[in-house]
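Okay, structure first, notes after.
Values below: all heavy atoms of this structure, side chains included; hydrogens, waters and symmetry mates excluded. Keep in mind that what you see is a predicted model, and the values were worked out from it rather than measured.
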Amino acid sequence: MGNGGRAALVLTGGGARAAYQVGVLSAIREIRGRRPGNPFPILCGTSAGGINAVALAVHSASFNHAVRHLARIWRNFHVDQVYRVDPVALFGSGLRWASATFGGWLIRQTPRSLLDNDPLRTLLTQVLDYSAIDRAIKAGYLHAICVTASGYASGESLAFFEGSIDVEPWRRAHRMGVRTRLGVDHLMATSALPLVFPAVRINREFFGDGSMRQLAPVSPAIHLGADRILVIGAGRLAEEGRQRAEGYPSPAQIAGHALSSIFLDTLAVDLERLERINRIVGGLGPEQRKAVASGLRPIETLVISPSRRIDTIAARHRKEVPPLLGAVLRGVGAMRRDGSTLLSYLLFEPGFIRALMDLGYGDAMARREEVADFLRL
């Protein structure tokens with residue numbers, strides 16, 4: 001484990017916003033220099049953060065190589081590598097939703113999603129060797145990795161994990177850890193934004209984006225054996241000042257607000273809870289800790305999140321949206337400044353992606369000493 005116990009990396013969700021995480025990881029790679037191995041033997045990811053986590057796990061024999069590989073993929077992203085934006089797909093989706101809305105009583109068929117993300121499945125199948133995860137664990141490069149998804153039938157948050165033989169499954173209220181062999185279905189499930197992308201069936205249940213009903217986003221890392229945790233967010237955790245409403249909120253503004261609530265609120269609450277536990281446990285003597293706080297231990301945390309509003313950055317890059325998709329998004333208000341939060345989750349285009357990567361890199365480098373201290377450099 002080395003000095004300071006096992007380190008975990010927790011990557012949260014956020015669609016295209018997860019490019020920010022890659023920028024932070026690039027800075028960490030630079031701060032570490034040419035040191036071999038993997039500084040994060042425990043990896044936990046949710047939504048697009050789950051995809052990033054698995055990409056790191058597949059190449060965990062060399063953190064430097066893993067981050068370079070991940071950055072190369074993200075820097076060259078285009079929307080059509082994630083979901084279909086051709087006329088057939090977009091008009092077909094619109095027709096299905098219109099038919100369900102106005103003639104559902106007749107056709108009795110519910111549309112699965114607004115967008116078809118089959119291109120993402122193809123990409124994730126091509127670029128990731130999932131069998132490499134087990135080899136990395138056996139070789140000692142990786143202790144455990146988990147990807148979280150939300151069950152639509154049970155309402156439970158499931159952390160699907162691969163790990164060393166000593167890692168035990170867990171069960172808590174509305175959440176559990178399930179040992180499995182991770183594959184493309186788990187990544188498609190954890191990143192299935194509600195209504196936007198289709199749910200994915202795993203075993204007997206359909207699953208959607210792991211950020212939904214994820215009551216304790218940091219908890220899986222602790223269950224997997226982490227003693228210190230680096231959390232890389234994809235949205236600002238600080239409170240924003242109240243703003244005057246200029247008009248009735250557009251559908252895009254409402255959807256963006258709902259998505260931000262899913263992705264940010266539970267993380268902020270969980271971090272506050274962990275800080276309180278650390279204060280309580282840290283204030284107890286050895287005997288008191290044994291009697292009162294059995295099973296609890298202090299967990300060191302470092303949180304890096306965007307220093308600037310990502311929706312503002314998205315608004316500046318809205319001209320990158322493919323024309324037909326832009327027409328659809330304009331209809332729901334996503335191309336307006338007050339609807340750019342929704343746009344920030346869907347804008348998988350190089351200009352926006354690289355701007356987020358640059359922001360992540362700058363934010364991490366600005367905290368270089370904290371990062372180096374966390375990594376025990």
List the steps, then state whether salt bridge (Lys or Arg N to Asp or Glu O under 4.0 Å) holds for Asp129 with Arg135.
CA-CA 11 Å; Asp129 176 12; Arg135 294 196 296 271; 2.9 Å; yes

Decide yes or no on salt bridge (Lys or Arg N to Asp or Glu O under 4.0 Å) for Asp134 and Lys138, but give the supporting numbers first. CA-CA 6 Å; Asp134 183 58; Lys138 290 178 179 177; 3.1 Å; yes

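When hydrophobic side chains of Ile, Leu, Val, Met, Phe, Trp and Tyr are connected at separations under 4.5 Å, Val167 ends up clustered with Ile42, Phe161, Trp170, Leu224.
Around atom NE2 of His174, no more than 12 heavy atoms belonging to other residues, nucleotides or ligands sit under 6.0 Å away.
Within the 4.5 Å cutoff, the side chain of Leu230 has heavy atoms near those of the Ile28 side chain. No side-chain heavy atom of Asp80 sits less than 4.5 Å from a side-chain heavy atom of Pro322. For the pair Phe63 and Arg29, the minimum side-chain heavy-atom distance is below 4.5 Å.
In this structure a side-chain-to-backbone donor-acceptor pair under 3.5 Å is missing from Glu168 to His223.
Both tests do not hold together for Arg201 against Phe207: distance to the six-membered ring centre under 6.0 Å, angle to the ring axis within 45°.
Look at Asp185 and Arg121 and you find a salt bridge, because one of the NZ, NE, NH1 or NH2 atoms lies within 4.0 Å of a carboxylate O, short of that distance. Using a cut-off of 4.0 Å between Lys/Arg side-chain N and Asp/Glu carboxylate O, Asp118 and Arg84 are scored as not salt-bridged. For the pair Glu349 and Lys319, the salt-bridge criterion is not met [side-chain N within less than 4.0 Å of a carboxylate O]. Between Asp311 and Arg17 there is no salt bridge, since no side-chain nitrogen of the basic residue lies less than 4.0 Å from a carboxylate oxygen of the acidic one. Salt bridge status for Arg75 with Asp358: present, with a side-chain N to carboxylate O gap under 4.0 Å. Using a cutoff of 4.0 Å between basic side-chain nitrogens and carboxylate oxygens, Glu30 and Arg68 are not scored as salt-bridged.
Identified under the ring-ring contact (aromatic ring centres under 6.0 Å, His included) test for residues 132-154, with sequence neighbours left out: none.
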Residues 189-198, side-chain donor-acceptor partners within the protein, below 3.5 Å, at least two apart:
from	atom 1	to	atom 2	distance (Å)
Thr190	OG1	Ser47	N	2.8
Thr190	OG1	Thr148	O	2.5
Ser191	OG	Leu187	O	2.7

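Taking the six-membered ring where tryptophan is involved, the planes of Trp74 and Phe77 are perpendicular, since the angle between them exceeds 60° and thus also 30°.
Side-chain atoms of Thr301 and Arg228 form no donor-acceptor pair, as typed in the model, at a separation below 3.5 Å.
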